[in-house]
Amino acid sequence: MKGTGSESFKIAICSGKGGTGKTTFALSLAWTLGKASEFSLPVKLLDCDVEEPNCHLFLRREYDKNEVFAEKPVFDLEKCIGCGKCARKCRYNAIAVVKGKPIVFNDLCHSCGVCAAICPHDAISLVGQPIGQIYEDKTHSPFEFAYGLLKIGESQSPMVIDELIKHSLESGVTIIDGPPGTACPTVKTISSADKVFLVTEPTPFGAHDLSLALNLCSELKKPGAIIINRSDKNDDLIERLAAQHQVEIVGKIPFKREYARVCSEGGILAAEHPGLRESIIASFSALLSSARIPVRVEPASIEADDSYKVSSDDVYSANGYTEMTILSGKGGTGKTTVAAAFSALAKNRIFADCDVDAANLRLLFNGRILYARDIRLGHEAVIDPFKCSKCGLCAEQCRFHAISQNQENGNFVVNPLICEGCGLCREICPCRAISEKDAETGKLMLSETTKGMLIHADLATAAENSGKLVSMVRDLAAATAEQQQRQWLISDGPPGTACPAIAAVTGTDRVILVTEPSVAALHDLERIMKLVCHFGLKPAIIINKADINAAVCKKIAELARKADAAILGEIPFDETVKEAIKAGMPLTEFNDGPASQALKQIWKNLKEKTA
Amino acid sequence: MKFAISVREKDLNAVIDTRFGRAQMFALYDSQSGETTWHSNSQNLQAAQGAGIQTAQNVVNLGAEAVISGHCGPKAWQVLKAAGIKVYTINGNMTAKEAVKHIENGAIKPSEGADVEGHWV
């Protein structure tokens with residue numbers, strides 16, 4: 001472990017985009033380092049993608065299970081006088097007080113503790129409620145392993161990640177498989193690591209989301225290096241990006257159908273292809289010795305025509321159009337390809353990209369942005385160093401660990417990337433030294449494309465409220481669909497099962513789940529189906545790359561049958577899907593190949609059924 | 001009866017706003033005295049989550065006995081129910097005056113439960 005400077009070392013594996021091969025690489029890295037005799041330190045893998053953990057599917061070990069608890073308010077009704085101060089102070093609107101009696105909505109509560117801190121009658125105690133589990137393996141060979149699992153319908157994935165990170169090795173290498181996207185859970189994961197591997201694929205989607213992830217590393221001041229998965233002759237897209245951000249590409253895993261098969265069957269790539277060992281160790285050494293903090297690259301500035309007027313507040317009706325939401329649970333199964341095809345095929349439609357922390361749909365529709373609005377929701381705490389007595393109460397009480405003391409000047413400072421804006425510090429500060437400012441959330445946009453209006457958004461780096469931004473995209477899309485009297489609103493959803501996915505699915509008309517025949521996608525499909533059913537909807541399923549693994553296809557069919565969900569159709573594996581993405585076109589416009597034909601047929605059936 | 005009605009403008013002859021949680025304004029209309037007061041709900045338009053709950057809380061605090069709106073989720077419903085407030089659900093275009101008339105002559109009955117799935121945010 002030369003060059004790390006410490007005995008304990010944490011590496012996060014992230015990507016921005018889902019499905020680029022994070023888990024494949026994390027498992028192979030853990031396996032290779034665990035087996036390598038030249039590294040004598042122990043190795044541990046933590047699966048921090050707690051919304052859709054997959055690593056355990058490849059390991060088949062036995063586990064000790066521990067519940068993760070989050071504190072929620074419980075009222076002592078003898079003491080409570082029903083003054084309603086708690087309801088007014090709760091930033092998450094999780095408490096109402098009616099006729100002198102409190103009502104608590106636990107699923108909205110973020111466990112910040114404000115209510116208990118400000119209650120004038122000491123009537124509120126905070127009691128731990130289960131929000132997920134940590135599974136710790138008992139085998140330890142050739143590496144140790146633990147994973148977290150968020151309960152379906154719960155939103156607080158960072159709390160489960162926080163708990164899981166505590167299981168890191170005190171001495172040795174901890175490899176952290178991160179969640180997709182660039183929102184709260186990813187911030188939590190990268191913040192806890194020393195260095196970051198960014199796994200990407202050489203497509204415009206991969207490149208776009210990689211750039212977001214590199215900017216996040218830059219913001220969090222974490223050194224990183226790039227691994228290109230499914231590398232082919234067109235890596236220049238990623239190479240240009242690496243040069244702009246001034247980070248190195250330290251490894252390439254070539255595209256081979258055989259590799260895809262190993263992963264789909266639940267095999268560890270490095271274990272079945274020992275030839276990859278040398279290059280994995282070389283990538284690891286390069287990360288340790290030469291990884292740099294990426295340079296931030298500003299995205300192309302967005303110019304919008306101010307004269308275009310939209311109003312999401314004036315017009316609203318749930319009638320008139322059908323909203324179809326496309327989800328997957330697991331990232332990278334082909335959601336955007338399906339959403340783009342349906343958007344191109346549907347007549348009289350508008351479409352929306354609800355994957356706000358890695359929005360890709362517009363890359364396939366050469367649109368002109370008509371309207372862009374900066375969104376500022378929520379708050380961020382600011383500490384006045386001249387009023388602060390440095391008592392440290394705020395840092396001690398902050399449930400999100402967003403406040404720390406600067407070692408040089410002793411000042412307490414708020415980390416805006418982690419601050420949730422709950423207001424606890426401001427309430428409890430004995431010197432009234434803490435105030436608040438508006439927090440940047442992102443940009444809400446409306447673009448005109450040849451296929452109609454596209455509503456989309458970009459979440460600001462490490463911003464809170466990704467779920468709310470999803471709601472705003474849907475509100476604006478609903479208003480636009482209504483104004484233009486459209487028949488269809490097609491929306492491309494986010495991966496996972498927490499805030500953004502919940503925000504995308506509530507109140508929609510139809511849900512389509514895009515999956516692929518791999519053990520990981522099957523597992524995630526089961527979880528997203530539970531979420532969709534939790535909201536009273538019946539999902540329909542499309543199996544992408546169906547011919548890769550017939551055995552898993554059968555299991556998907558079985559799962560669908562049990563849940564009484566229809567399988568709308570299968571899309572065969574088709575090399576030209578990638579070509580269409582590179583060309584920046586919806587597949588059904590790009591060619592009439594096998595996958596394109598399948599999508600056209602599925603849309604035709606779907607349309608007939610709806611009519 | 002005191003009705004809280006979600007509206008877009010200060011006019012009982014204007015069409016009702018069918019959104020409950022994210023309605024801009026409520027008219028508090030007393031059908032006995034004929035008096036109307038107007039109450040902004042705009043702080044909830046920008047709420048990150050739980051807009052329905054806080055809107056319901058506002059309606060409770062206004063002292064309304066019934067709500068006339070379009071769509072009310074399960075959480076808001078729970079708050080209104082705890083306060084003993086009746087909920088009248090309106091679909092499509094109808095003015096506040098028309099809605100009150102239909103309720104008073106019994107053509108529109110109070111809703112039995114929340115009529116839309118939980119808007120989580």
Side-chain angles (χ1 to χ4, degrees), chain A residues 84 87-88 90-99 101-105 107-110 153 155 312-320 375-379 420-421 439 441 464-472 474-475 478 498-508 531 534-537, chain B residues 6-9 14-25 41-61 63-64 69-85 89-94 114-121:
Chain A
R88 288 193 297 277
C90 176
R91 288 282 159 81
Y92 309 101
N93 290 335
I95 306 176
V97 177
V98 175
K99 292 192 167 172
K101 289 214 172 65
I103 306 172
V104 182
F105 297 92
D107 51 346
L108 295 185
C109 171
H110 281 220
S155 62
S312 58
D313 297 333
D314 294 350
V315 195
Y316 180 85
S317 161
N319 310 318
I375 306 294
R376 305 183 76 82
L377 303 160
H379 314 269
E420 277 226 6
T441 304
E464 298 292 332
N465 287 313
S466 55
K468 172 59 185 158
L469 195 54
V470 170
S471 296
M472 294 185 86
R474 289 185 60 204
D475 279 354
C499 308
I502 293 170
V505 90
T506 52
T508 186
L531 182 78
H534 178 86
F535 285 97
L537 292 156
Chain B
S6 54
V7 290
R8 292 179 201 160
E9 52 192 299
V15 173
I16 288 169
D17 190 343
T18 51
R19 298 185 300 172
F20 176 73
R22 299 194 190 277
Q24 295 195 349
M25 205 189 336
N41 187 48
S42 58
Q43 79 278 17
N44 284 320
L45 287 176
Q46 291 302 319
Q49 58 175 31
I53 295 168
Q54 287 313 312
T55 302
Q57 176 89 67
N58 285 352
V59 167
V60 171
N61 294 349
S69 190
H71 304 275
C72 169
K75 293 194 173 84
W77 177 267
Q78 196 183 330
V79 173
L80 296 171
K81 205 178 150 201
I85 294 176
T89 305
I90 307 297
N91 286 312
N93 292 340
M94 193 182 286
D115 73 322
V116 289
E117 284 304 318
H119 269 275
W120 187 82
V121 285

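Reckoned from all heavy atoms, side chains included, excluding hydrogens, waters and symmetry mates. We name chains A, B, ... by the order of the sequence lines, and we start the count at 1 in each one.
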>> Tell me if a side-chain donor or acceptor on B/Q57 pairs with a main-chain N or O of A/V97 at a distance below 3.5 Å.
In response: yes

> Which pair of non-hydrogen atoms, one from B/V79 and one from A/I103, has the smallest distance, and what is that distance?
Replying inline: CA-CD1, 4.0 Å

> What part of A/L469 gets closer than 4.5 Å to chain B, counting heavy atoms only: side chain, backbone, both or neither?
Replying inline: neither

> Can you say whether B/V60 sits under 4.5 Å from chain A via the side chain, the backbone, both, or neither, judging by heavy atoms?
Replying inline: side chain

> Where is the tightest heavy-atom contact between B/I53 and A/A96, given as atom of each residue plus distance?
Replying inline: CG2-CB, 3.8 Å

>> So does A/A94 get a backbone contact from the side chain of B/Q54, meaning a donor-acceptor N/O pair under 3.5 Å?
In response: no

>> If the condition is side-chain hydrogen bond (donor to acceptor under 3.5 Å, both in side chains), which residues does B/S69 pass it with, not counting sequence neighbours?
In response: B/S6

>> Checking A/Y92 now: which residues fulfil ring pair (Phe, Tyr, Trp, His ring centres under 6.0 Å) with it, not counting sequence neighbours?
In response: A/H110

